Amino acid sequence: MMPTEYNFVACPSYHGATLMAMLLNNHSQLVSLGDTIPRRLDASPCVCGATLETCPFWQRMQTDMGLQQQDENETLFAPLPEIMRTTRKNMMANYALARLAGIAGPAAWNLQASSRDAFLDRYSRLHQVTCEITEARKFIDGTKNPVKIYAFENMLRPRPVIRVLHITRDPRAFIASCRKYNELPLEVNTRYWRRYHRFALKHFANNPRMEYLQLRLEDLCTDADAHLEKVQQFFGVEPEQLTVPSRFESKRHLVGNRSAINRFDGHLKLDESFREKLSATEQSDILKRTNPLAARFGYAG
Ligand SMILES: [Zn+2]
C-alpha cells in the first residue's frame with residue numbers, strides 16, 4: 001500500500017541535514033534515516049559503531065525489504081526510478097519526465113511504467129519497514145536529491161500530501177564547510193548552492209500541490225525550540241521536546257560519523273567560524289556569486 005503522505009527535508013550538503021534527522025528522531029512518532037543511500041554489504045560506518053554490514057538495524061532493513069538476492073552494488077533504496085544506467089543521466093531523464101508529467105499529467109510516467117512501479121513499490125516498503133522497526137508513525141525522507149521530490153510530485157495520482165522542509169544556510173558558512181571535505185573550486189560549490197536553492201524555490205515554494213516550509217539553519221541553531229515546534233506542526237505531529245540527547249535506541253542508525261551522534265547533547269550552537277576562516281575578499285566574492293538569492297534568504301551582512 002502506498003503511503004498517504006510524503007515528507008522530505010531538502011537541502012544541499014553541509015546544511016544540517018544529519019542534525020535535523022537526529023532532532024526529528026527524538027520525536028516518538030517520527031523517523032528519519034538522514035541522507036542515507038547505503039549499498040548492500042556496505043562497509044560504511046553506522047553511527048551505532050558497527051558497520052552497515054554488521055549493524056543489526058541495517059541487516060534487518062535488508063531482510064525485511066526482501067533485498068537478499070540483489071546485486072551487492074545496488075543501493076538499498078534507489079533515489080529515483082531507474083530509467084538510465086548512469087546516475088547523472090538518470091537524474092536528467094527523471095527530471096525531463098517529471099516536467100513532462102507536470103504538463104501532461106502523471107500518465108506521462110506510463111512511458112517508464114515498470115521503472116516507476118518498481119521504484120514506488122520499494123519506496124513504500126522503505127516507509128513501512130523503517131516505521132515498523134522503529135515503531136514510528138511517519139517517515140521523514142532526508143535524501144538530498146531535489147529531483148526525487150519533484151518527480152514524486154508529478155508521478156503520483158491521486159496526489160498525496162507532499163511536505164518539503166527546505167533548509168538554507170549562509171553560503172559563506174557552506175563554502176567554509178566545503179573546504180573541509182572537498183577540493184572543488186569555489187565557483188563550483190557556489191554554483192551548486194545557487195542551483196539547489198533556485199530549484200527549491202522554483203519547484204517547491206509557492207507550489208500549490210505541496211506544503212512548504214523554509215528554515216534557515218542559523219535560526220534553528222539560535223532558537224531551536226521555537227523553530228522545531230513549527231517544524232513538528234508542519235509535519236503534522238504534536239510538538240515534543242527534541243533538543244535532548246538521542247532518545248531512542250532504534251533510531252541511532254544513521255550512516256555517518258559515530259562522533260556526530262555521540263557528541264550530540266541536544267544543544268545547538270551557531271557556527272560562525274567562516275568569518276575567521278575566509279578572508280573578507282572571499283566572503284564578498286561568495287556573496288556576489290550567490291546573490292540575489294543569498295540576500296533573499298537574509299545572508300547579506
Ligand atoms: Zn547501526
Side-chain angles (χ1 to χ4, degrees), residues 3 6-11 13-79 119 121-145 148 165 167 177 180-181 228 231-232 235 237 240-268:
Y6 292 79
N7 299 303
F8 297 97
V9 175
C11 62
S13 305
Y14 321 127
H15 274 56
T18 304
L19 173 69
M20 181 54 79
M22 289 193 286
L23 290 163
L24 294 175
N25 279 335
N26 274 340
H27 194 286
S28 59
Q29 304 193 347
L30 302 178
V31 58
S32 174
L33 300 175
D35 184 30
T36 49
I37 318 174
R39 291 170 198 286
R40 198 176 115 63
L41 301 179
D42 199 326
S44 313
C46 174
V47 294
C48 73
T51 65
L52 294 187
E53 266 178 309
T54 55
C55 166
F57 173 86
W58 287 103
Q59 291 206 321
R60 191 170 157 200
M61 284 288 283
Q62 288 189 46
T63 313
D64 290 6
M65 286 187 68
L67 295 179
Q68 306 91 315
Q69 306 303 320
Q70 306 290 337
D71 175 348
E72 67 178 47
N73 277 322
E74 191 172 4
T75 52
L76 283 186
F77 19 97
F119 170 71
D121 181 55
R122 195 183 277 194
Y123 196 80
S124 66
R125 286 189 66 77
L126 171 67
H127 267 227
Q128 195 194 334
V129 167
T130 309
C131 287
E132 273 168 19
I133 298 179
T134 60
E135 298 179 342
R137 193 165 65 82
K138 289 191 194 216
F139 178 76
I140 313 284
D141 189 338
T143 315
K144 296 192 182 81
N145 189 335
K148 172 182 180 175
L165 172 65
I167 304 177
S177 290
K180 262 193 276 177
Y181 303 102
L228 286 169
V231 166
Q232 294 173 79
F235 285 128
V237 291
E240 295 178 7
Q241 184 70 37
L242 305 187
T243 49
V244 291
S246 182
R247 283 175 69 198
F248 302 101
E249 177 51 39
S250 64
K251 293 193 269 188
R252 290 172 62 105
H253 300 282
L254 306 177
V255 179
N257 193 330
R258 185 178 189 176
S259 67
I261 206 157
N262 286 344
R263 266 189 284 120
F264 179 66
D265 62 0
H267 290 96
L268 278 59

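FYI, the numbering just counts along the sequence from 1. It should be emphasised that the depicted structure is a prediction, and the values quoted were computed from it without experimental measurement. Just follow the structure's listing: the first ligand is 1, and inside any ligand the first atom is 1.
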* Roughly how far apart are Leu30 CG and Lys251 NZ, rounded to 0.5 Å? -> 6.5 Å

* Asked: Excluding sequence neighbours, so at least two apart, what forms salt bridge (charged side-chain N to carboxylate O under 4.0 Å, His left out) with Arg125?
  -> none

* Not counting sequence neighbours, which residues clear salt bridge (charged side-chain N to carboxylate O under 4.0 Å, His left out) with Glu240? List them please. => Arg247

* Asked: Which atoms of the protein, restricted to N, O or S, are nearer than 2.8 Å to the Zn ion (ligand 1)?
  -> Cys46 SG, Cys48 SG, Cys55 SG, His253 ND1

* Start with the C-alpha gap between Lys144 and Ser13, add the side-chain angles, then the distance that decides, and say whether side-chain contact (heavy atoms from CB on, under 4.5 Å) holds. => CA-CA 8 Å; Lys144 296 192 182 81; Ser13 305; 4.2 Å; yes

* Asked: Counting only N and O atoms by type, is there a donor-acceptor contact under 3.5 Å from the side chain of Asn26 to the main-chain atoms of Val244?
  -> yes

* Using ring pair (Phe, Tyr, Trp, His ring centres under 6.0 Å) as the criterion, list what pairs up with Phe235, not counting sequence neighbours. => none

